[in-house]
Enquirer: 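I have a structure here, written as structure tokens, and I will follow up with some questions on it.
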Amino acid sequence: MAEQNGTIGYSENGELAVPDRPTIPFIEGDGIGPDIWKAAKMVLEAAVKTAYGDSRTLQWKEVLAGEKAFNKAGSWLPEEALEAIRTYRVAIKGPLTTPVGKGFRSVNVRLRQALDLYACVRPVTYIHGVPSPMSRPDEVDMVVFRENTEDVYMGLEWEAGSPMAGKLIDLVRQEEGTRIRSDSGIGLKPISKTGTRRLVRKAIQYALDHGRKGVTIVHKGNIMKYTEGAFRKWGYELAQEEFSDRIITEDELFKKHDGRLPEDRLLLKDRIADAMFQQILLRPADYEVLAMPNLNGDYMSDALAAMVGGLGMAPGANIGDSVAVFEATHGTAPKYAGLDKVNPGSLILSGAMMLDYLGWSEAAEALRSSIVRTIGEKTVTYDLARQMEGATEVKCSEFAEAMIRLM
């Protein structure tokens with residue numbers, strides 16, 4: 001049950017139980033994080049008030065991660081932050097710094113693994129008026145389910161010349177007869193049956209719950225047969241075991257139904273990853289929900305975001321079985337930090353996903369309708385203004401204020 005102190009709980013039938021004043025931990029983020037968080041917070045509070053008056057409110061609890069945590073507590077991801085998110089179950093965060101090629105591992109990855117947030121959920125849909133490189137961006141309406149805890153993102157890699165890299169090179173030569181160059185860095189790519197099944201389960205259940213007509217498993221199984229090929233195999237097995245009365249495979253569709261999808265069935269198909277990049281460009285309307293391993297999902301979700309205007313308008317969430325963290329999907333853009341300049345759309349739309357997750361759909365709709373109106377009036381931040389004829393360029397905070405006026 002939901003507790004009086006604002007903690008989100010679960011009902012007896014396993015559904016989320018949300019109090020009228022839930023406590024939501026937030027992480028400002030690094031670089032531009034404080035700017036976009038301030039804007040998102042204003043819009044989220046206004047959306048809740050618009051939908052529910054004073055009967056519901058969001059209570060915020062700051063937790064530290066990233067540079068702010070390191071400067072104050074000497075840790076990039078303090079245990080206190082993880083414990084707060086576990087306790088309150090739903091959190092929202094800005095972007096966190098990740099160095100390239102050296103230094104500490106990604107705080108974002110550590111957060112997902114520590115809380116077992118195994119599904120990275122990235123809805124990608126076009127908002128009319130946003131500049132896009134596509135001729136028909138309105139045909140893009142997909143939700144990516146990216147496995148979040150396995151694959152090469154587990155961080156199982158060793159530097160060239162290190163003792164562990166040498167041991168693995170020797171082991172492969174001795175056991176398999178395959179010679180790897182001695183100056184190679186070595187990485188491992190674990191993909192498990194457990195991780196695959198729960199990710200595909202969540203993707204199929206989402207499609208059924210939201211009236212979507214198809215789920216596509218995206219993989220590179222023609223080359224990586226025992227990792228990504230197994231992801232495909234285990235995904236189909238899960239679907240047959242748990243959803244046999246609700247799904248139909250592409251093979252069955254043409255053999256038994258002349259290519260016509262029965263009204264009461266969900267189409268399950270698969271595509272090889274490189275071919276899928278062509279498909280999202282050439283035939284985006286044919287795809288609705290995509291399920292894929294970690295690295296493929298990273299590439300694919302960013303490519304899709306570019307098709308509808310870029311990461312500045314791309315929301316995302318990391319969801320497990322009992323905890324969910326909603327986040328901006330772009331980087332920290334440190335050169336713009338503190339300038340009140342950048343587009344807060346990604347974090348604002350991630351906040352709308354959070355409202356949906358809480359069951360506050362009226363507030364989420366108020367927020368989404370407002371951002372559509374604001375962009376429709378060409379009141380936008382610099383990244384969109386420089387691509388839109390007749391646009392009024394506004395600051396990050398002014399974009400939020402415009403949204404609130406139009407809510």
Side-chain angles (χ1 to χ4, degrees), residues 109 112-113 116 118-122 142-158 168-169 171-173 175-180 184-207 212 214-244 246-255 266-283 286-304:
V109 172
R112 295 164 193 164
Q113 291 179 346
D116 200 23
Y118 61 84
C120 178
V121 183
R122 297 273 298 271
M142 300 180 217
V143 183
V144 174
F145 278 75
R146 164 193 172 196
E147 203 293 318
N148 225 0
T149 62
E150 299 187 326
D151 203 350
V152 293
Y153 279 70
M154 282 192 75
L156 297 173
E157 60 175 359
W158 296 272
L168 290 170
I169 289 169
L171 178 65
V172 171
R173 178 177 53 79
E175 297 294 328
E176 300 290 334
T178 302
R179 293 189 176 275
I180 300 172
S184 298
I186 299 294
L188 296 181
K189 180 187 175 73
I191 290 182
S192 71
K193 186 175 183 178
T194 298
T196 298
R197 287 170 64 91
R198 65 182 184 175
L199 186 279
V200 174
R201 178 186 296 117
K202 194 171 281 289
I204 293 174
Q205 192 61 59
Y206 175 93
R212 299 285 187 147
V215 173
T216 305
I217 298 172
V218 183
H219 60 91
K220 191 63 178 169
N222 58 327
I223 303 299
M224 291 171 276
K225 300 181 186 300
Y226 304 120
T227 52
E228 302 212 11
F231 183 91
R232 173 188 180 276
K233 182 185 76 170
W234 293 328
Y236 274 110
E237 287 176 355
L238 177 281
Q240 292 293 345
E241 290 173 19
E242 299 187 11
F243 300 97
S244 60
R246 304 295 304 276
I247 65 109
I248 184 172
T249 66
E250 195 170 37
D251 187 51
E252 293 170 332
L253 179 70
F254 288 96
K255 285 184 176 179
L266 176 73
L267 178 62
L268 180 66
K269 55 190 176 184
D270 72 276
R271 295 290 183 269
I272 294 173
D274 47 345
M276 190 65 198
F277 275 102
Q278 291 193 72
Q279 291 293 297
I280 63 173
L281 290 168
L282 299 174
R283 305 177 65 89
D286 290 352
Y287 299 92
E288 297 188 50
V289 178
L290 312 180
M292 63 194 81
N294 207 330
L295 183 60
N296 289 342
D298 198 359
Y299 295 151
M300 195 74 65
S301 55
D302 279 14
L304 282 165

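Residue numbers run from 1 in the order of the sequence given. For the numbers below, each heavy atom of this structure counts, side chains included, while hydrogens, waters and symmetry mates do not.
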Enquirer: Does any part of the side chain of Thr196, heavy atoms only, come nearer than 4.5 Å to the side chain of Leu238, both counted from C-beta?
Expert: no
Enquirer: Taking only residues two or more places apart in sequence or in another chain, which ones pass salt bridge (charged side-chain N to carboxylate O under 4.0 Å, His left out) with Arg246?
Expert: none
Enquirer: As a test of understanding, state which of Gln279, Glu250, Gln278 forms a side chain to side chain donor-acceptor pair (under 3.5 Å) with Arg271.
Expert: Glu250
Enquirer: Is there a side-chain contact (heavy atoms from CB on, under 4.5 Å) between Met300 and Val218 once you walk through the steps?
Expert: CA-CA 10 Å; Met300 195 74 65; Val218 183; 4.0 Å; yes
Enquirer: Could you grab the distance from atom CD of Glu157 to atom CD1 of Ile186, nearest 0.5 Å is fine?
Expert: 10.5 Å
Enquirer: State, yes or no, whether a side-chain contact exists between Leu266 and Ile248 at a heavy-atom distance under 4.5 Å.
Expert: no
Enquirer: Sort out for me which residue in Asn296, Asn294, Asp151 forms a side chain to side chain donor-acceptor pair (under 3.5 Å) with Arg146.
Expert: Asn294
Enquirer: Whether Asp116 and Arg198 form a salt bridge (side-chain N of Lys/Arg under 4.0 Å from carboxylate O of Asp/Glu) is what I want to check.
Expert: yes
Enquirer: Could you check if a side-chain atom of Val215 sits within less than 4.5 angstrom of a side-chain atom of Glu288, using non-hydrogen atoms only?
Expert: no
Enquirer: Of all residues at least two apart in sequence or in a different chain, which pass the salt bridge (charged side-chain N to carboxylate O under 4.0 Å, His left out) check with Arg179?
Expert: none
Enquirer: Taking side chain as C-beta onward, heavy atoms only, is His219 less than 4.5 Å from Thr227?
Expert: no
Enquirer: Taking the side chain as everything from C-beta on, heavy atoms only, tell me whether Phe243 gets closer than 4.5 Å to Leu268.
Expert: no
Enquirer: Checking side-chain contact (heavy atoms from CB on, under 4.5 Å) for the pair Ile272/Lys220: CA distance, chi angles, key distance, verdict?
Expert: CA-CA 5 Å; Ile272 294 173; Lys220 191 63 178 169; 3.9 Å; yes
Enquirer: Got a sec, which residues hit side chain to side chain donor-acceptor pair (under 3.5 Å) with Ser192, two or more places apart in sequence or on another chain?
Expert: Glu150
Enquirer: How many angstroms lie between atom OG1 of Thr216 and atom CG of Asp286, to the nearest 0.5 angstrom?
Expert: 9.0 Å
Enquirer: For a 4.5 angstrom cut-off between non-hydrogen side-chain atoms, does Thr249 reach Leu253?
Expert: no
Enquirer: Please round to the nearest 0.5 Å and tell me the distance separating atom CZ of Arg112 and atom CG of Asn148.
Expert: 5.0 Å
Enquirer: Just by distance, with hydrogens left out, do Glu147 and Tyr118 show a side-chain donor and acceptor under 3.5 Å apart?
Expert: no
Enquirer: Can you measure from CZ (Phe277) to CG (Leu282) and round to the nearest 0.5 angstrom?
Expert: 13.5 Å
Enquirer: Working note: Met276 + Met292, criterion side-chain contact (heavy atoms from CB on, under 4.5 Å); need CA distance, chi angles, decisive distance, verdict.
Expert: CA-CA 11 Å; Met276 190 65 198; Met292 63 194 81; 5.9 Å; no
Enquirer: Just to verify, what does Arg197 make a salt bridge (charged side-chain N to carboxylate O under 4.0 Å, His left out) with, not counting sequence neighbours?
Expert: Glu241, Glu242
Enquirer: Heavy-atom distance under 4.5 Å between the side chains of Phe231 and Met224, does that happen here?
Expert: no
Enquirer: Is the closest side-chain heavy-atom distance between Arg122 and Val143 below 4.5 Å?
Expert: no
Enquirer: Heavy atoms only: give me the nearest Val289-Ala207 pair and the separation to one decimal.
Expert: CG2-CB, 4.0 Å
Enquirer: I need the Thr194 OG1 to Leu199 CG distance, nearest 0.5 Å.
Expert: 12.5 Å
Enquirer: Atom CD1 in Ile217, atom CH2 in Trp234: separation rounded to 0.5 Å?
Expert: 12.5 Å
Enquirer: Using the side-chain contact (heavy atoms from CB on, under 4.5 Å) rule, take Val144 and Leu304 through it: C-alpha gap first, then chi angles, then the decisive distance, then the call.
Expert: CA-CA 9 Å; Val144 174; Leu304 282 165; 3.6 Å; yes
Enquirer: Could you work out, with side chain to side chain contact (heavy atoms under 4.5 Å, CB included) as the rule, every residue matching Leu156, not counting sequence neighbours?
Expert: Met154, Trp158, Leu188, Pro190
Enquirer: Is the number of heavy atoms from other residues, nucleotides or ligands within 6.0 Å of OH (Tyr299) greater than 12?
Expert: no
Enquirer: So, is the end of the Lys269 side chain (NZ or CZ) under 6.0 Å from the ring centre of Tyr236 and within 45° of the ring's axis?
Expert: no
Enquirer: Excluding sequence neighbours, so at least two apart, what forms ring pair (Phe, Tyr, Trp, His ring centres under 6.0 Å) with Phe145?
Expert: Tyr206
Enquirer: For the residue pair Gly297 and Ser301, what are the closest heavy atoms and their distance?
Expert: O-OG, 2.7 Å
